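None of these values were measured; they are calculated from a predicted model. For ligands, and for the atoms within them, numbers begin at 1 and follow the listed sequence.
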Amino acid sequence: MGDANYITHLLLLVAAYLTWHYFWRFRSLNNIPGPASKSFLKGNLPEFFGRYGTEFQKEVALDYGPVVKMRGLLSRPILYISDPKALHHLLIKEETVFEESQRFLSTNQVMFGPGLLSTLGEHHRKQRKMLNPVFSVAHMREMLPIFYNVVHRVRDAIATRVENGQQDIDVLNWMGRTALELIGQGGLGYSFDPLTEDMKDSYGHALKQLLPNLTTIEIIRRLLPLVAGLGPAWFRRRVAEMFPWKPVQRVRRVVDTMHERSMAIYKEKQVALRNGDEAVAKQIGSGKDIMSILMRANMNALQADRLPEEEVIAQMSILSFAATDTTSNTVSRILQLLAEHPDIQEKLRIELISSGAGNGLPYDALNKLPLLDAVCRESLRLYPPVVTVARVPNRDSVLPLLEPIRGIDGKIMTEVHVPKGTEVIIGVLGSNANKARWGEDALEWKPERWLSPLPKAVTDAPIPGVYSNLMSFLGGKRACIGFKFSEMEMKVVLAVLVSSFTFELTDDPIEWNVAGVRYPTIGRESDVPELPLKVSLYKPAII
Ligand code: HEM
């Protein structure tokens, strides 16, 4: 009897809490339209964040207007916002209010340590201040020869595989290896891969496994903030080691591999720096890589500005992680798009060959090639690889809207009251592919749209993106620090490969899957990230 009473009281308490939570705390969101939720427990989470979420994400981004309400764990509201003024407000004006979610910070803290992806406020600002100079255009100019050097090796390796005729080549694998080697040489001053043999570097392999495995444990990640601070580090580590679920164990092994390698690279570099400039110059990257410069700047910085060792090591893992799948999956997608549009592939090849871009152009000349630029921008517009970025306000806030929205009851709203703790997903695709701004053909891949002035509705809107009115690299103080690095990488890879090879589709059905960074597989069942294309040596027609 006593037990029954206890359980009844407990259930009443839970019911009261939920009522307060959803009908009181989040009442200002009741009128926001959005898709129905199929489960009280999981809300729309599996549809939106699950591997097969592409179509649902598109529906949320484009079919309900610029502010959409979904449901999360225990039906808690999640907003998807693509209105430019609201985005500007939350990423720029109220950047200190709309912070990264605890889920994001805790996961990154556990995976990488205290680096850019897991710190907030002043701590984050200080880390970013140290890193900003090495991502400047001036520094990209210096690194360009390293990029050409690596990509020429990739070209030669692919050429030996197709010299006797067309072959199916897994371009995702090659682009992954290229991206890792580029962040290795340009970022860490370290070579992971000679890019000749068919080999698998354990670090590169670990990085590739991370995001697909994180998607599998999305629900657990949502509970992570509750336990992330429990007990000392050794205790949490022991719990992680004993956790009886394979995906969690896979993530743990990946994290260990990343940390060990970053640590080893750091120690090696530290010795070289101590031995003076000559020793550093002899290293991969000749001391021009991001980490050599950061470590040297750190050694010379005032005590107050200096980053502790564990933070520098965390930045190494973060840079390697943030730079690889993002760019390699994007270049792979571009090669797939060029295979689907042979006319544009041919036009691009003409531009590249006539300018000599495949052999090596200075940074500014490469950047000015109009079609190459248009192909990159258009691909990042329509196929942004990172689409599940969220922010959570640390106090109640009001987001003004550029265009009023119609509520469920038909009432017009010109602003949205966002209660503290609401998860807000940045509507990257919703902004990039909005028909009212980009035009009726917004959902078509048309690089030529970038060859003439963009619609006024796009240029006049306060879209806060750091890159070309697009949200793909986000905006504000936490925008992608590596977007120029990534842009240069994409351009060098395309310049070299499209000048040398032709790309055609195979008969395999390519499926792009949702994860922290979207990735391709053959069909929906396969777990193996890959993207085969038919590749041949380009032979210019003899006139
Ligand atoms: C197509 C390629 C890429 C895309 C689409 C992309 C996108 C993004 C996005 C959306 C964010 C914001 C994440 C958030 O706030 O939760 C971000 C952050 C970041 N990105 Fe990238 N990224 C790309 C390539 C790169 C590269 C090549 C690097 C490094 C060389 C890099 C380094 C970073 C870092 C360190 C952050 C964290 C910045 C901070 O919190 O201050 N990214 N990226």
Side-chain angles (χ1 to χ4, degrees), residues 87 90-91 95 98-101 103-105 107-108 112 114-121 123-132 134-136 139-140 143 146-147 175-176 178-188 207 211 289-291 294 311 314-334 376-377 379-392 423-429 431-432 464-468 470-494 516-519:
L87 286 179
L90 73 89
L91 287 175
E95 164 268 320
F98 285 84
E99 295 182 327
E100 297 278 5
S101 68
R103 171 176 99 255
F104 179 89
L105 298 167
T107 312
N108 291 324
F112 309 113
L116 276 182
L117 291 175
S118 47
T119 54
L120 285 178
H123 195 174
H124 177 264
R125 193 197 63 77
K126 186 173 147 188
Q127 292 187 339
R128 186 112 185 182
K129 191 176 143 203
M130 287 289 277
L131 277 165
N132 271 337
V134 278
F135 285 101
S136 64
H139 191 231
M140 294 304 131
M143 285 202 294
I146 303 180
F147 277 51
M175 293 307 99
T178 311
L180 181 66
E181 186 59 9
L182 284 172
I183 191 66
Q185 294 208 14
L188 313 183
L207 287 174
L211 285 170
D289 58 280
I290 293 170
M291 276 301 146
L294 175 72
E311 291 192 15
Q315 311 299 7
M316 291 181 133
S317 301
I318 285 177
L319 284 183
S320 317
F321 163 74
T324 41
D325 278 10
T326 46
T327 312
S328 63
N329 294 13
T330 304
V331 191
S332 303
R333 170 80 86 157
I334 296 179
C376 293
R377 281 171 209 261
S379 307
L380 281 159
R381 182 187 72 80
L382 199 53
Y383 301 104
V386 183
V387 284
T388 50
V389 175
R391 294 289 187 267
V392 179
E423 179 170 340
V424 178
I425 294 179
I426 311 290
V428 174
L429 182 66
S431 174
N432 286 0
V466 279
Y467 179 71
S468 311
L470 299 177
M471 288 306 297
S472 312
F473 292 103
L474 241 63
K477 295 214 169 92
R478 298 191 78 107
C480 178
I481 198 170
F483 83 96
K484 290 206 177 305
F485 187 106
S486 171
E487 188 190 35
M488 182 161 87
E489 175 173 337
M490 286 186 252
K491 289 188 172 176
V492 174
V493 170
L494 292 171
V517 179
R518 298 156 63 98
Y519 65 96

Nitrogen or oxygen atoms of R391 and ligand 1 under 3.5 Å apart: yes
Do any nitrogen or oxygen atoms of R128 lie less than 3.5 angstrom from nitrogen or oxygen atoms of ligand 1? yes
What about S486: any of its N or O atoms under 3.5 Å from an N or O on ligand 1? no
Pick out which of V134, I481, L188 makes a side-chain contact (heavy atoms from CB on, under 4.5 Å) with I290. V134
I183: numbered ligand 1 atoms lying under 4.0 Å from its heavy atoms: 30 (C)
Would you kindly specify which portion of T330 sits under 4.0 Å from ligand 1, judged on non-hydrogen atoms: side chain, backbone, both or neither? side chain
Counting heavy atoms only, name the option from P384, S472, S118 that's nearest to atom 7 (C) of ligand 1. S472
Could you check atom 18 (C) of ligand 1 against the protein and tell me its nearest heavy-atom contact, residue, atom and distance included? C480 CA, 3.6 Å
Looking at T327, which atoms of ligand 1 are within less than 4.0 Å of one of its heavy atoms? 2 (C), 24 (C), 27 (C)
Measuring from L429:CG to S472:OG, what's the distance to the nearest 0.5 Å? 9.0 Å
Nearest protein heavy-atom contact for atom 5 (C) of ligand 1: which residue, which atom, what distance? P385 CG, 3.4 Å
Quick check: do V389 and F104 have side-chain heavy atoms less than 4.5 Å from each other? no
How long is the straight-line distance from OG1 of T178 back to CE of M175, given to the nearest 0.5 Å? 4.0 Å
F147 vs F485 aromatic rings, parallel, tilted or perpendicular, using cut-offs 30° and 60°? perpendicular
Shortest reach to atom 3 (C) of ligand 1 by a heavy atom, considering only Y383, Y467, F321, F473: F473
Over all atoms of both residues, closest heavy-atom pair of M471 and S431: CG-OG, 3.6 Å
Parallel, tilted or perpendicular: ring planes of F483 versus F473, cut at 30 and 60 degrees: tilted
What protein heavy atom sits nearest atom 28 (C) of ligand 1, and how far away is it? G482 CA, 3.6 Å
Charged N-O contact under 4.0 Å between R391 and E100: yes
Atom 33 (C) of ligand 1: the protein heavy-atom neighbour that sits closest, reported with distance to 0.1 Å: A322 CB, 3.6 Å
Close-contact set for ligand 1 against L117 heavy atoms, below 4.0 Å: 37 (C)
For F104, counting its heavy atoms only, list the atoms of ligand 1 lying under 4.0 Å from any of them. 16 (O)
Among protein heavy atoms, which sits nearest to atom 40 (O) of ligand 1, and what does the distance come to when rounded to 0.1 Å? H124 NE2, 3.2 Å
Give the minimum heavy-atom separation between L87 and G427, together with the two atoms involved. CD2-N, 4.3 Å
Sub-4.0 Å atoms of ligand 1 with respect to non-hydrogen atoms of E100: 14 (C), 15 (O), 16 (O)
Atom pair CE (M316) and CE (M291), whose distance is rounded to the nearest 0.5 Å: 5.5 Å
What residue and heavy atom of the protein are closest to atom 13 (C) of ligand 1, and at what distance? V389 CG2, 4.1 Å
Does any part of the side chain of M488, heavy atoms only, come nearer than 4.5 Å to the side chain of K484, both counted from C-beta? no
Would you check whether G187 reaches within less than 4.0 Å of ligand 1, judged by its heavy atoms? no
Which residue supplies the protein heavy atom nearest to atom 34 (C) of ligand 1, what is that atom called, and how far is it? I481 CG2, 3.7 Å
Going by the order shown, which atoms of ligand 1 are within less than 4.0 Å of some heavy atom of R478? 12 (C), 15 (O), 40 (O)
Does some non-hydrogen atom of Q127 fall short of 4.0 Å from ligand 1? no
Heavy-atom distance under 4.5 Å between the side chains of P385 and L380, does that happen here? yes
Which atoms from ligand 1 have a heavy atom of A323 less than 4.0 Å away? 26 (C), 27 (C), 28 (C), 29 (C), 30 (C)
Within this structure, what is the CD1-CG distance for the pair I183 and L319, rounded to the nearest 0.5 Å? 5.0 Å
Any idea which atoms of ligand 1 are less than 4.0 Å away from a heavy-atom of F135? 30 (C)
Looking only at side chains, do Q315 and E311 share a donor and an acceptor under 3.5 Å apart? no
Looking only at protein heavy atoms, which one is nearest to atom 24 (C) of ligand 1, and how far off is it? T326 OG1, 3.4 Å
